[in-house]
Amino acid sequence: MPEGDTVFRAAREQNRALAGQVLTASDLRVPRFATADLSGETVHEVVARGKHLLHRIGDFTLHTHLKMEGIWRVYSPGQKWQRPAHQARVILSTSALQSVGFALGIVELIRRDEEEATVGYLGPDLLGPDWDAVVAEQNLRADAERPAFVAVLDQRNLAGLGNVYANELLFLRGIDPHRPMGEVDDIPGLIDLAHRLITINRDRMERITTGDARPGNRTWVYGRRGRPCRRCGTRIRQGELGADELTERVVYSCPHCQT
């Protein structure tokens with residue numbers, strides 16, 4: 001699933017293309033909003049909120065989520081789409097371009113004053129203008145009983161971290177993913193590193209946590225099951241961990257470096 005840095009870049013691209021533009025046509029290809037017509041409305045801005053995208057259009061907000069396979073792309077008139085037409089869930093047209101959302105996991109049109117009810121449950125956004133490390137710390141401390149891996153992935157605690165960052169972050173801080181959050185010694189340090197990691201990566205396509213951009217060298221533990229730890233040589237282990245069966249995610253760790 002795309003992480004906060006991917007959604008940040010998508011929002012930035014959409015905002016550059018659409019902000020201030022008047023829509024000449026719109027097509028929301030989901031049953032609930034299929035008859036909605038945003039033509040004639042001005043796109044005020046496009047922003048990211050954690051892993052959510054908010055196109056603020058007139059008095060409305062188009063709320064979308066990429067989930068596993070979603071992507072937004074901007075095209076010139078007549079330019080061939082990079083994905084099959086049947087995957088298009090949203091098409092926003094201006095006189096100069098088309099913005100197409102493919103394979104989006106969530107598509108809903110709400111009134112601007114309903115945004116808080118839709119995404120207000122999210123914790124502080126690591127890449128947002130309202131980032132608040134103090135609130136993020138309070139949220140994680142209150143989540144003391146759950147495993148650290150589960151707690152940092154919970155978007156209600158802090159928004160934007162996905163599976164890659166959760167695995168890499170806990171390795172870098174030497175924290176076993178199963179350790180209860182309440183037993184983590186330096187939560188402010190954990191949060192600060194999370195903020196620095198995702199901020200460093202927000203402007204590049206390849207996510208790098210090791211400082212080495214070469215293919216195969218970009219992560220410490222993520223995707224490296226059975227391979228030697230880059231620090232101690234112990235084989236990286238892989239498992240699954242989540243709040244329940246529906247939220248289980250693949251977890252990687254070094255048995256020696258993470259305690």
Side-chain angles (χ1 to χ4, degrees), residues 1-23 26 28-38 40-68 70-72 89-90 92 99 101 104-143 146 150-162 165-166 181 187 191 194-195 198-199 202 243-244 246-247:
M1 182 178 293
E3 310 208 11
D5 51 2
T6 301
V7 180
F8 175 89
R9 289 192 299 273
R12 183 171 57 189
E13 180 186 36
Q14 289 289 299
N15 191 65
R16 287 173 176 170
L18 293 171
Q21 301 299 308
V22 176
L23 297 182
S26 67
L28 308 188
R29 296 181 176 180
V30 293
R32 183 179 175 188
F33 302 105
T35 60
D37 182 7
L38 296 172
E41 299 286 357
T42 298
V43 180
H44 299 296
E45 63 180 343
V46 184
V47 300
R49 185 74 176 88
K51 300 182 183 182
H52 301 253
L53 272 169
L54 304 174
H55 287 69
R56 292 168 175 159
I57 305 169
D59 293 329
F60 298 92
T61 295
L62 174 66
H63 167 226
T64 62
H65 196 296
L66 304 182
K67 293 291 185 178
M68 292 296 293
I71 193 170
W72 278 92
R89 294 292 177 268
V90 177
L92 302 176
S99 180
L104 300 172
I106 294 175
V107 176
E108 62 177 350
L109 189 65
I110 60 176
R111 296 196 61 82
R112 288 277 295 278
D113 57 12
E114 296 173 344
E115 273 190 22
E116 186 65 19
T118 302
V119 295
Y121 71 94
L122 296 170
D125 185 348
L126 283 151
L127 291 176
D130 59 345
W131 165 243
D132 192 327
V134 174
V135 173
E137 179 184 352
Q138 292 170 348
N139 292 343
L140 287 177
R141 289 194 184 282
D143 206 0
R146 291 200 296 171
V150 176
V152 299
L153 276 177
D154 193 328
Q155 302 300 295
R156 295 171 297 183
N157 289 333
L158 64 170
L161 296 182
Y165 282 118
M181 195 69 231
I187 293 179
I191 292 170
H195 186 243
I198 198 168
T199 300
R202 70 181 184 181
D244 50 49
L246 294 177
T247 60

Would you give me the side-chain donor-acceptor pairs under 3.5 Å for residues 150-158, sequence neighbours excluded?
from	atom 1	to	atom 2	distance (Å)
Asp154	OD1	Arg156	N	2.9
Asp154	OD1	Arg156	NE	3.0
Asp154	OD2	Arg146	NH2	2.5
Asp154	OD2	Arg156	NE	3.3
Asp154	OD2	Arg156	NH2	2.7
Gln155	OE1	Gly160	N	2.8
Gln155	NE2	Leu153	O	2.9
Gln155	NE2	Leu161	O	3.0
Asn157	ND2	Asp143	OD2	3.0
Asn157	ND2	Ala151	O	2.9

* **Verdict with supporting geometry, Leu66 and Leu104, side-chain contact (heavy atoms from CB on, under 4.5 Å)** => CA-CA 5 Å; Leu66 304 182; Leu104 300 172; 3.7 Å; yes
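- For the pair Leu23 and Leu38, the minimum side-chain heavy-atom distance is below 4.5 Å.
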* **Worked check of side-chain contact (heavy atoms from CB on, under 4.5 Å) between Leu126 and Tyr165** => CA-CA 12 Å; Leu126 283 151; Tyr165 282 118; over 6 Å; no
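- Taking 4.5 Å as the limit, some side-chain heavy atom of Asp59 sits within range of a side-chain heavy atom of Arg111.
- Inter-residue side-chain proximity for Phe33 and Leu62 is flagged as unmet; no heavy-atom pair is nearer than 4.5 Å.
- The shortest distance between side-chain heavy atoms of Trp72 and Val90 falls below 4.5 Å.
- Here the straight-line distance linking atom CG of Asp37 with atom CG of Leu109 works out to 10.5 Å at 0.5 Å rounding.
- A donor-acceptor pair under 3.5 Å is absent between the side-chain atoms of Arg32 and the main chain of Glu108, judged by distance alone.
- By the salt bridge (charged side-chain N to carboxylate O under 4.0 Å, His left out) test, Glu41 is found to be paired with no residue, residues two or more places apart in sequence or in another chain being considered.
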* After noting the C-alpha distance and the side-chain angles of Thr42 and Gln21, does the key distance pass the side-chain contact (heavy atoms from CB on, under 4.5 Å) rule? -> CA-CA 6 Å; Thr42 298; Gln21 301 299 308; over 6 Å; no
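- Residues Leu122 and Arg49 are in side-chain contact: their nearest non-hydrogen atoms beyond the backbone lie under 4.5 Å apart.
- Among residues two or more places apart in sequence or in another chain, the side-chain contact (heavy atoms from CB on, under 4.5 Å) test is passed with Asp244 by Leu246, Thr247.
- Shortest non-hydrogen contact noted between Asp125 and Gly50 is OD2-N, 3.0 Å.
- With a 6.0 Å cutoff to the six-membered ring centre and a 45° limit on the axis angle, Arg112 does not count as a cation-pi contact of Phe60.
- Side-chain atoms of Thr6 never come within 3.5 Å of backbone atoms of Pro2 as a donor-acceptor pair (strictly under, hydrogens ignored).
- With sequence neighbours excluded, the residues satisfying ring-ring contact (aromatic ring centres under 6.0 Å, His included) with His63 are His52.
- Counting only heavy atoms from C-beta outward, the side chains of Ile198 and Phe8 never approach each other to under 4.5 Å.
- Closest non-hydrogen pair, His44 versus Ile57, comes out as CD2-C, 4.3 Å.
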* Could you walk me through whether Arg56 and Glu115 pass the salt bridge (charged side-chain N to carboxylate O under 4.0 Å, His left out) test, one step at a time? => CA-CA 10 Å; Arg56 292 168 175 159; Glu115 273 190 22; 2.8 Å; yes
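- Of the N and O atoms on the side chains of Thr61 and Glu114, not one donor lies less than 3.5 Å from an acceptor on the other residue.
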* To do: List the steps, then state whether side-chain contact (heavy atoms from CB on, under 4.5 Å) holds for Thr199 with Leu127.
  => CA-CA 7 Å; Thr199 300; Leu127 291 176; 3.8 Å; yes
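- A 4.5 Å side-chain heavy-atom check between Val7 and Asp5 finds every atom pair outside the cut-off.
- Contact annotation: the side chain of Pro124 never approaches that of Val134 to less than 4.5 Å [non-hydrogen atoms, C-beta and beyond].
- Residues meeting the side chain to side chain donor-acceptor pair (under 3.5 Å) test with Arg89, sequence neighbours left out: none.
- For the residue pair Ala159 and Gly123, the shortest heavy atom distance occurs at CB-O, 3.7 Å.
- Checked against side-chain contact (heavy atoms from CB on, under 4.5 Å), Arg141 has the following partners two or more places apart in sequence or in another chain: Glu137, Ile187, Pro188.
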